[in-house]
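Quick caveat: nothing in here was measured; it's all calculated off a predicted structure.
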Amino acid sequence: ITSADLVADASAIFPGKLQILDLDDLSGRDSRPPATLPKSDDVACIIYTSGSTGAPKGVFQSHRGLLHDVMEAVNVAAMSQEDRVALFYPPSVIAGLRTMLSALASGAVLEMLPPRKLGRRALVGKIKERGITILRSSPTLFRHLAGSLSPGACFETVRAVALGGERWVALLQLPNRAG
């Protein structure tokens, strides 16, 4: 499944092996299910790494692996149709795909909130305005969002935050036990 501008690229990557669907032109498509269904270890998608080793790489994700990631995200956050989930990541990375599919699988509302387009102050406003209940974010983005809140303010509707996608260090301040 791709957009019109990428149909030629998709066809070149998978010549004659897969049916390429152009999202910009779905009229007249055969609505019957395919003759063969994918198996659990077949490739479900290609996700892209962050490029921490020098350049981003495409990594194949199986149906089994993707389903496991989605089920884990739904179960850990106890997602339901009552939730509103913020999508900060593009769907070409596993965090974006996991966020998108877990929201859809649980019946939650998926709110697309692109950080670069909105900026952090507008993003904070959208989180509050749309009643976001679940945030999946990188630690850096979350730190910027939290730092953009007015003193004493919080994300009132957010009930679950999942941080990942980069290395981070949690600092724990312990009471002074000296003397």
Smallest separation among heavy atoms of [X] and [Y], with atom names:
| X | Y | value |
| --- | --- | --- |
| Pro115 | Leu141 | CG-CD2, 3.8 Å |
| Pro38 | His63 | CB-NE2, 3.4 Å |
| Leu135 | Ala86 | CD2-CB, 3.7 Å |
| Val85 | Ile132 | C-CD1, 4.3 Å |
| Ala77 | Ala160 | CB-CB, 4.5 Å |

Backbone N or O of [Y] within a donor-acceptor pair of the [X] side chain at under 3.5 Å?
| X | Y | result |
| --- | --- | --- |
| Ser137 | Phe142 | yes |
| Asn75 | Glu72 | no |
| Thr99 | Leu87 | no |

Are [X] and [Y] packed together at the side-chain level, in the sense that at least one heavy-atom pair is separated by less than 4.5 angstrom?
| X | Y | result |
| --- | --- | --- |
| Ile134 | Val158 | no |
| Glu111 | Val109 | yes |
| Arg98 | Arg136 | yes |
| Gln61 | Ile46 | no |
| Leu118 | Lys126 | yes |
| Val161 | Phe155 | no |

Does [X] share a hydrophobic cluster with [Y], counting links as ILVMFWY side-chain heavy atoms below 4.5 Å and allowing steps through other members?
| X | Y | value |
| --- | --- | --- |
| Val70 | Leu110 | yes |
| Leu104 | Met112 | yes |
| Leu67 | Met100 | no |
| Leu66 | Val59 | yes |
| Phe60 | Ile47 | no |

Can you measure from [atom1] ([X]) to [atom2] ([Y]) and round to the nearest 0.5 angstrom?
| X | Y | atom1 | atom2 | result |
| --- | --- | --- | --- | --- |
| Ser138 | Phe88 | OG | CZ | 9.0 Å |
| Ser148 | Arg121 | OG | CZ | 5.0 Å |
| Leu145 | Leu123 | CG | CG | 5.0 Å |

Residues Met79, Ser102; criterion side chain to side chain contact (heavy atoms under 4.5 Å, CB included); working and verdict: CA-CA 8 Å; Met79 264 188 229; Ser102 62; 3.3 Å; yes

Residues Arg64, Asp42: salt bridge by 4.0 Å N-O rule: no

Any side-chain donor near an acceptor of the partner, Ser62 and Asp41, under 3.5 Å: no

Enclosure of Arg159 CZ (heavy-atom neighbours >12, cutoff 6.0 Å): yes

Side chain to side chain contact (heavy atoms under 4.5 Å, CB included) between Leu113 and Arg130, intermediate numbers included: CA-CA 10 Å; Leu113 301 173; Arg130 295 187 182 175; 3.2 Å; yes

